[in-house]
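Working notes, beginning with the structure itself.
Every chain is numbered from 1, with letters handed out A, B, ... down the list of sequences.
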There are 2 protein chains.
Amino acid sequence: MARVRKTVTIRDVAEDAGVSLQTVSRVVNGGPNVRPQLRDKVRASIERLGYVPSLAAQRMSGSRSYIILAINDRERTLADWRERRGTDWVDQMLLGGILTCSQHGYRMMVELVDTHSDHVERELGAALSALQPDGVILTPPHSENRLITQLLAERGIPFARIGSNVTGPGIALTMGDEGAAHLATMRLSELGHRRIGMIAGPSQYSLSGWRIDGWKRALAEVGLSSEGLLERGDFGYESGTRAAQALLDRNPDLTAIIASSDQMALAVLEVARDRGLRVPRDLSLISFDNTPIVRFSQPPLSAIDQPIAETVSRAVEQLIAREPDGDDDAVIEVAAGLVERASTAPAPAPARA
Amino acid sequence: MARVRKTVTIRDVAEDAGVSLQTVSRVVNGGPNVRPQLRDKVRASIERLGYVPSLAAQRMSGSRSYIILAINDRERTLADWRERRGTDWVDQMLLGGILTCSQHGYRMMVELVDTHSDHVERELGAALSALQPDGVILTPPHSENRLITQLLAERGIPFARIGSNVTGPGIALTMGDEGAAHLATMRLSELGHRRIGMIAGPSQYSLSGWRIDGWKRALAEVGLSSEGLLERGDFGYESGTRAAQALLDRNPDLTAIIASSDQMALAVLEVARDRGLRVPRDLSLISFDNTPIVRFSQPPLSAIDQPIAETVSRAVEQLIAREPDGDDDAVIEVAAGLVERASTAPAPAPARA
DNA sequence: GCGCATATTGTGAGCGTTCTCAAGACTTGT
DNA sequence: ACAAGTCTTGAGAACGCTCACAATATGCGC
């Protein structure tokens with residue numbers, strides 16, 4: 001017998017308050033020219049009836065859809081999702097994105113796109129047509145994908161690229177990779193370390209380069225050399241093992257390592273253990289990402305915390321605030337922080353002092 | 001000079017194919033009475049123009065919105081999100097939900113709701129009004145929240161409750177908690193363990209009870225006692241420490257523990273280490289959840305893998321397939337599996353045999 | 001070949017909102 | 001007190017699609 005509750009529409013509110021539809025619409029959207037007295041009356045009606053505008057109808061008539069679409073890598077989330085960088089990305093994205101969206105009356109939707117597919121344009125195009133989002137957020141590795149950025153530019157949809165600092169179409173937001181690597185390196189230097197190794201990510205990620213830059217800049221500032229102290233991995237565990245081996249083989253005097261992902265850092269931990277090096281006593285270690293896994297290793301790792309949630313949140317704000325025809329394609333940097341746990345300590349006294 | 005690309009509408013397709021709007025609509029929706037010849041012609045036009053129906057317009061006119069709304073706990077995702085169970089939930093939900101939705105032409109949206117807030121009804125009600133989803137998916141701890149289920153029932157929106165086996169309004173989907181606990185217990189028994197402890201979750205989660213049930217059933221089946229072998233935690237690390245301490249204090253002869261979350265299991269690992277108990281030689285350990293963190297502990301943990309993605313996927317299918325007035329509120333069980341790693345081993349020989 | 005059932009196509013209304021534009025109610029300056 | 005504003009409100013069209021129904025075409029039995 002569940003009586004089908006008819007949806008409360010703007011018309012119901014208008015009748016209840018004795019005004020026109022348009023006036024209600026103005027009140028709902030914070031329109032400028034409504035007498036306070038009337039406004040309050042309408043607000044009361046809205047409250048009483050529990051009116052909430054229909055997103056679909058708003059999209060139909062107005063120029064906005066109140067939808068922000070976030071594009072994520074399908075591969076990372078599907079097949080590979082446990083094997084690689086961990087999955088914190090999606091969570092944090094949602095965290096930052098959904099909350100910020102809802103603060104502005106927007107909604108966030110997630111679209112999973114497989115970069116390797118040659119249907120990228122079709123898939124994404126279909127999503128754009130169906131949803132007609134007011135803005136799109138691109139996450140790595142899509143952030144600098146030509147096919148995608150071009151498609152978005154063609155359609156005139158504002159978009160933000162997370163983890164990119166290339167000016168170009170769309171807003172770029174970096175998570176301060178250069179600064180973060182600099183910060184980590186400086187901290188290790190403060191602790192007395194003179195030989196600080198770096199395990200960077202793959203070169204197709206531009207953030208890998210920025211991190212190397214930050215590390216080198218810091219080394220230069222304190223008069224240290226980076227000679228022979230750089231290795232690369234692919235963010236995964238195995239690559240971390242190889243890189244750590246190489247680094248330690250080549251530099252017996254190494255006392256600190258910065259790893260470009262938590263998983264690679266955990267690999268370093270394992271390699272160190274195998275060689276009888278105690279962390280942090282013999283070897284200090286700082287990782288990037290600060291995913292939950294690093295809190296439970298032995299010892300818990302000091303890590304650069306990627307402000308993903310905040311960055312996405314900023315991206316959303318930019319997209320929402322942006323005038324439809326605004327072309328100020330800025331680069332925004334959100335600073336990362338260092339969370340110190342038990343994998344960093346003062347450098348051991350040199351063997352022969 | 002970016003020419004604003006006008007959206008391709010159903011009208012464009014109709015003109016291009018030389019038919020009426022209605023015919024195009026029929027083709028798009030797989031309507032029954034269209035001559036194959038015409039259908040192909042229309043399809044060709046759709047293809048050529050790249051037409052994709054607008055979700056908003058479909059919602060406006062038709063009875064469906066093609067939106068499934070997933071309700072998640074805000075607390076877990078916001079403040080507490082690192083401290084408690086880990087965040088794999090959201091990822092896996094998205095994984096299972098988004099893909100399955102898109103296979104059926106649906107979209108999934110995520111709504112974060114704070115159970116502890118007294119605005120639950122308001123918040124959720126607003127989301128329902130704005131989105132008018134065709135179905136809602138409830139995840140723990142919302143799955144059996146009266147306020148929420150009642151609201152949904154009132155509005156006549158079909159919903160699925162994940163991690164619930166209570167028949168009632170809506171479809172219930174359990175992840176085989178009873179069976180999983182039984183499986184874990186039996187496995188430990190097979191390995192020769194006779195004293196198998198259980199660290200359960202908080203009692204307000206009904207799955208906590210089911211896991212206890214499965215554990216007890218297995219113990220009974222092989223003639224073991226559960227006396228004094230049960231502790232409770234809140235899924236978080238600290239609570240796991242306390243529970244492990246209590247369990248080991250009370251039962252010096254304990255050789256195996258099942259923990260109801262990965263974090264609690266990691267706490268057990270730590271406690272064992274402190275007491276000089278080696279895992280798995282002296283103590284076997286199986287956890288629930290199988291989040292990424294358990295692959296990198298020392299040793300990596302054997303864990304019950306929660307088929308969250310699959311369960312959500314099933315939920316989506318149920319919601320989509322369901323007739324608007326169908327009331328067959330079934331309970332569906334998706335079986336969990338045991339992933340064995342290095343934290344389980346044959347029971348040590350009794351001290352005095 | 002006629003009449004009726006059935007398959008196929010088209011027509012017009014309506015979903016809930018915002019847009020554009022016009023009308024009425026106040027101000028203000030002189 | 002009058003013209004010329006500015007502020008406030010409302011009316012009607014429009015967004016892109018599907019619904020219910022009407023119209024036409026096709027098939028079948030006799």
Given side-chain contact (heavy atoms from CB on, under 4.5 Å), test B:T149 with B:F159 step by step and report yes or no. CA-CA 8 Å; B:T149 54; B:F159 61 99; 3.7 Å; yes
Reading 5' to 3' through nucleotides 9-18 of chain C, protein heavy-atom contacts under 4.0 Å coded B for base, S for sugar-phosphate only, - for none: BBB--BBBBS
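Atom CG of A:L138 sits about 8.0 Å away from atom CZ of A:R161, to the nearest 0.5 Å. Separating the CG atom in A:L128 from the CD atom in A:E111 is a distance of 8.0 Å, to the nearest 0.5 Å.
Between A:N165 and A:A172, the shortest heavy-atom contact is CA-CB, 4.2 Å.
Counting only distance, with no hydrogens or angles, the side chain of A:D134 and the backbone of A:S65 share a donor-acceptor pair below 3.5 Å.
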